[in-house]
Amino acid sequence: MTAPPSFEFFSTELYVTAAVLGFVALLYSTLQDGRKLYPPGPLGLPVFGMMFHFPQNQPWIQFREWSKKYNSDAVSIEVLGQRTVVLNSSIATQELMVKRSAIYSDRPALPMLNDLLGWNWNFAFMRYGATWKEHRKLFQQEVQHSLAHFAQPHALAATHRLLGSILTSPEGYIAHLKHLAGYFALSSAYGLDIKPSGDPYVEIAEKANEGPVKAASFPPYLVDTIPALKYIPAWFPGAQFKRDARVWAEFAEKLLEVPFQAAKERYVQGTGKPCIASRGLEEIRSNASAPHQEEQELNLKSVLGVFYSAGVESTLASLSTFVLAMVLHPEVQKTAQRAIVEAVGDNRLPEFDDIQSIPYLQALVKEVFRWQPAIPLAIPHTTTADDYYQGYFIPKGSTVIGNAWAILQDESIFGEDTHLFKPERFLTEDGTMLNPSVPNPDVAFGFGRRACPGRFLAERLIIITAASLLHCFEISKVKAKDETEISPVVEYTTGMISYPKPFACDFKVRSAKLKEIIQDASQDVGK
Ligand code: HEM
């Protein structure tokens, strides 16, 4: 992971340009909006607003603090005339991002990402409109079909390879978890069997991913606040962002093309595995008389291109949180292991049909999503019309952020001690069933019409991975030379995706029999 961008990228010349443009924008918006009352929040400097005081480290925490300080679940700040509204309660996100989703579902224009990095084919960052609707519909339709037919075998294969890798080199567990997520994305989308290391498709996808990770982080690139900056030439002092963009754009194009062409070739030769690409291509071919064949293929290619970029890092962050929670809470681990062994026995690996009968495991995975959401502020939405919330004015074009982290910490929703990891909060008092009166941690997957459409794929992969790791291994703290245990600290990174900071832990296989079963299962993957 590369560090999030900072305003230090920019030279004095750019700041002066920014200040002039910002002043004009501010004057314009002030004249337009008159004396309307915005959601409260810190004012910052004249013209620049909060540009130099945008919270840099884990802004979700600061946003909740402001919400308390200003006694309002909606708070807002302005940067160079652009208003950002942060919603810190479930009531506010339900009211605005869900009930009024017709006007809260746009994305910011993101010129850095969409224009300079060439990610405009990715519907996760598209403006709300006909093309976004078409791509999202196709994505959902393909995911649904995949869930019913082939996602589970792909997820099991990825999990078995993970178990084998952890058995061989437990210290590399983060790389193995990432490989699991990448394997699942590329095999279910394109039918590709990626190599355990040095895979060329993964290299392309990883390089391409650096672009959105940087461009979608907080604080935003200056060019996203002042789109006119995208026209300055790459040689201009301070225009490092344009030079970076050129490199990343090349990989965004490769991510779109290279795996798709590989899947198409296999499909044409009849050698492809069941996957979304082969099914989509088959559907296009079987409708040969329908118009716009090329456009349909382009849509399929674009939708497939989203799988790796949208799914891998968020899955990795959630699974890393799972491992951290298991290391810190051996008692939770033991309870889950007992429940899994009771359902699965000791002579085989867990399968999807086992999951329904293990409510404790289901509660545990919900708690992973709740305790430390992988994307604490989701992805920003934008409004397409003026609106009011509790008397406050939210102008058209405002950036709207749902503070998922704050909502998932709300004790009035999830019970007491929400800062603690306690799967029991999702269970009935006797611990035998999921408690229907405690809501799912849905907001970990975003809000309204833009909520994560890959959620059910991600949940299946994560729950079978958690079940398999717990069934096969004891996950524990590492020991120092003097035999004392080293307890990891709960510390998270800043950025659109938030990961636990790296920590060491140990995986010990639970029996010789399981070791054999893992070796057999992992050898079969990719054959
Ligand atoms: C634990 C794993 C995951 C988490 C926590 C997660 C979370 C999220 C969140 C918070 C958003 C933003 C929603 C919003 O704007 O309100 C999102 C969007 C999205 N996610 Fe996921 N996601 C995960 C896995 C996946 C996977 C595996 C895929 C694909 C297979 C995927 C595809 C997408 C797409 C395409 C969008 C953009 C939707 C749109 O703009 O219409 N996600 N996800």
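Atoms within a ligand are numbered from 1 in the order they appear, just like the ligands themselves. Remember, predicted model here, so these are calculated numbers, not experimental data.
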Quick one: look at [X] and ligand 1, take heavy-atom pairs under 4.0 Å, and tell me if it's side chain, backbone, both or neither.
X	value
Ile462	side chain
Met97	neither
Phe123	both
Ser314	both
Ala444	backbone
Arg136	side chain

Please answer whether the main-chain N or O of [Y] pairs with a side-chain N or O of [X] as donor and acceptor at a distance below 3.5 Å.
X	Y	answer
Asn120	Asp115	no
Asn88	Asp73	yes
Gln372	Ala325	no
Arg107	Pro380	yes
Ser72	Ala74	yes

Which word best sums up how the rings of [X] and [Y] line up, parallel for under 30°, tilted for 30 to 60°, or perpendicular for over 60°?
X	Y	result
Phe445	Phe369	perpendicular
His135	Phe123	perpendicular
Phe150	His154	perpendicular

Atoms in ligand 1 flagged as close to [X], the criterion being non-hydrogen separation under 4.0 Å:
X	answer
Val306	35 (C)
Pro453	19 (C), 20 (N), 33 (C), 34 (C), 35 (C), 36 (C), 38 (C)
His381	14 (C), 15 (O), 16 (O)
Ala124	37 (C), 40 (O)
Ala378	10 (C)
Trp132	39 (C), 40 (O), 41 (O)

query: Regarding Arg83 and the six-membered ring of Tyr38, is the cationic atom NZ or CZ under 6.0 Å from the ring centre and inside 45° of its axis?
result: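 Here Arg83 passes the 6.0 Å and 45° test against Tyr38.
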
task: Step by step, work out the salt bridge (charged side-chain N to carboxylate O under 4.0 Å, His left out) result for Asp106 and Arg127.
output: CA-CA 5 Å; Asp106 202 5; Arg127 305 299 303 262; 2.7 Å; yes

What residue and heavy atom of the protein are closest to [atom], and at what distance?
atom	result
atom 42 (N) of ligand 1	Cys452 SG, 3.0 Å
atom 26 (C) of ligand 1	Gly311 CA, 3.4 Å
atom 30 (C) of ligand 1	Phe307 CD2, 3.5 Å
atom 1 (C) of ligand 1	Ser318 OG, 3.2 Å
atom 28 (C) of ligand 1	Gly454 CA, 3.6 Å
atom 32 (C) of ligand 1	Ala310 CB, 3.4 Å
atom 6 (C) of ligand 1	Phe445 CD2, 3.7 Å
atom 29 (C) of ligand 1	Phe139 CZ, 3.6 Å

query: Any side-chain heavy atom of Phe352 sitting closer than 4.5 Å to one from Leu156?
result: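 Yes, side chains in contact.
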
- prompt: Do Phe307 and Phe184 have side-chain heavy atoms sitting under 4.5 Å apart?
  reply: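 In short, these two side chains do not touch, never coming nearer than 4.5 Å.
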
Does ligand 1 come near enough to [X] that some N or O of the ligand is less than 3.5 Å from an N or O of the residue?
X	value
Gly446	no
Arg450	yes
Arg455	no

task: Would you check if the distance from the ring center of Tyr173 to the ring center of Phe507 is below 6.0 Å?
output: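 Yes; Phe507 has its ring centre under 6.0 Å from that of Tyr173.
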
message: Counting only heavy atoms, tell me which of Ile379, Leu319, Ile497, Thr315 gets closest to atom 12 (C) of ligand 1.
response: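 Checking each option, the heavy atom nearest atom 12 (C) of ligand 1 is found in Ile379.
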
field: Qualifying residue for side-chain contact (heavy atoms from CB on, under 4.5 Å) with Met326, from Val332, Leu469, Thr321, Val368
entry: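 Option passing the side-chain contact (heavy atoms from CB on, under 4.5 Å) with Met326: Val332.
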
